[in-house]
> 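Before we start, here is the structure in question, set down as structure tokens.
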2 protein chains.
Amino acid sequence: MKNFIQMAENILREDGLRLTKPRSMALNFLAKENQPLTPYEIRDLLKEEGEKADVVTIYRILEEFERLGLVHKVTLLGRYIRCSDLEMETHCEKDIGCHHYLICEKCSKVQEISGENLHDLERVIEKKTGFEVKNHFLEFLGLCKKCKK
Amino acid sequence: MKNFIQMAENILREDGLRLTKPRSMALNFLAKENQPLTPYEIRDLLKEEGEKADVVTIYRILEEFERLGLVHKVTLLGRYIRCSDLEMETHCEKDIGCHHYLICEKCSKVQEISGENLHDLERVIEKKTGFEVKNHFLEFLGLCKKCKK
DNA sequence: CTTTCTGCAAAAGGTTTGCAGTTAG
DNA sequence: CTAACTGCAAACCTTTTGCAGAAAG
């Protein structure tokens, strides 16, 4: 956790971004929670600590964080979660084996898993984590034959 | 394509739903296009054929279609695509091996593929379809250990 | 100091809801 | 006929944009 924050701050600095109060606090909450948060939730968390920040600012902060590989957006939830230490260290931006999430339909808690075979994976997941996979979303982004040319 | 429409109409009937003009035409366009459409696009297509329908109606229609397994929502695009004949026949609701989509970042065209191993799959995809996979989105929905109890 | 960030106001989408009127079966 | 469906208006929620003022380095 401390690790994440330090690495993140370095990455920000390297990119020439300033370490402002909202950015720093957003990093802290993302690290502490270790669960995906909405921009509004982050705004509220800041407010609880006496730092009022506009949601617009949080949106812009998260946009930068995502670009720098500090957070992922969990598409199905519209929430942002901090990248794992592993992802940060290996700088495995969009690699296979990263950012696979298990989203509980009931409590909305998210756990990260890594692995590569979907079929086997589901079985392994159920055995190792006790998570009962009901549905999965798999979509590929890229360039089709025509557009590649 | 004709197949899809007939099967879909049967499924609607079996569920006690009425075969109205907007529903029937939406089915036709989804079948004909074979590409994911937004509710607004469907509304416009209907309008072009002289049938004006409200977007709200289209939203409600698509909601029903999804419930009945006639269409899938392509999460990343916010669009709806007709289920494949295979899916309809096997009634493979949420099964592994279904609804995997390749989304072109440039032309936004979508192709469906089936297969189960993600790693191998990407390689196979590139060879078979010429689609260059840049990124994939994989998220699982289900119940975590706690919530399962 | 000067560039970068933030706050505020406002707009822009996308989606949902309630209710009265219309239509399929 | 009568339950189901649709249209309209409005609300709601999330996200984006522009610009002037504030703050980091």
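Note that the structure is predicted; figures quoted are calculated from it, not measured. First the proteins, then the strands, lettered A, B, ... as listed; each starts at 1.
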> Phosphate oxygens OP1/OP2 of dT14(D): is one of them under 4.0 Å from a side-chain N or O of Thr38(A)?
no
> Which sits closer to the 5' end of DNA chain C, Tyr59(B) or Arg18(B), going by the nucleotide each is nearest to?
Tyr59(B)
> Can you find a pair of side-chain heavy atoms, one from Leu37(A) and one from Asp44(A), that are under 4.5 Å apart?
no
> To the nearest angstrom, how far is Leu62(B) atom CG from dC5(D) atom C1'?
15 Å
> Nearest-Å distance, CD (Glu64(A)) to P (dT15(D))?
17 Å
> Starting at CG of Asp54(A) and ending at C1' of dG21(D), how long is that distance when rounded to a whole Å?
14 Å
> Nearest-nucleotide wise, let me know which of Val56(B) and Pro22(B) is further upstream toward the 5' end of DNA chain D.
Pro22(B)
> Ile61(B) CD1 to dA4(D) P: how many Å, rounded?
16 Å
> How about Thr129(A) and Lys145(B): do any of their side-chain heavy atoms sit closer than 4.5 Å?
no
> Tell me which nucleotide among dT17(D), dC5(D), dG7(D) gets nearest to the side chain of Thr20(B).
dC5(D)
> Please test Arg23(A) against Glu64(A) for salt bridge (charged side-chain N to carboxylate O under 4.0 Å, His left out), starting from the C-alpha separation and ending with a verdict.
CA-CA 10 Å; Arg23(A) 279 183 184 155; Glu64(A) 295 294 284; 5.1 Å; no
> So, do Ile42(A) and Ile61(A) sit near enough that their side-chain heavy atoms are less than 4.5 Å apart?
no
> Give a yes/no on whether any side-chain N or O of Arg60(B) is located under 4.0 angstrom from OP1 or OP2 of dC5(D).
no
> Just checking Lys21(A): base, sugar-phosphate only, or nothing, at a heavy-atom cut-off of under 4.0 Å?
nothing
> Between P on dT14(D) and CG on Leu77(A), what's the gap in Å once rounded to a whole number?
13 Å
> Just the rounded figure in Å: distance from C1' of dA23(D) to CD of Glu51(A).
12 Å
> On DNA chain C, does the nearest nucleotide to Leu19(B) precede the nearest nucleotide to Tyr40(B) from the 5' side, or the other way round? Give the residue.
Tyr40(B)
> For Glu132(A) and Lys134(A): C-alpha separation, side-chain torsions, deciding distance, then whether side-chain contact (heavy atoms from CB on, under 4.5 Å) applies.
CA-CA 6 Å; Glu132(A) 185 184 338; Lys134(A) 295 265 199 151; 3.9 Å; yes
> Expressed as a whole number of angstroms, how long is the span from Leu76(A):CG to dT14(D):C1'?
16 Å
> Stepwise, does the side-chain contact (heavy atoms from CB on, under 4.5 Å) test hold for Asp15(A) with Arg67(A)?
CA-CA 11 Å; Asp15(A) 200 69; Arg67(A) 183 176 61 78; 2.9 Å; yes
> Rounded to the nearest angstrom, tell me the gap between atom CD1 in Ile58(B) and atom P in dT6(D).
8 Å
> Taking 5' to 3' order, which nucleotide of DNA chain C is first and which is last to have an atom within less than 4.0 Å of a heavy atom in chain A?
dT3(C) to dA9(C)
> Any idea how Tyr40(A) and Tyr59(A) line up, ring-wise: parallel (<30°), tilted (30 to 60°), or perpendicular (>60°)?
perpendicular
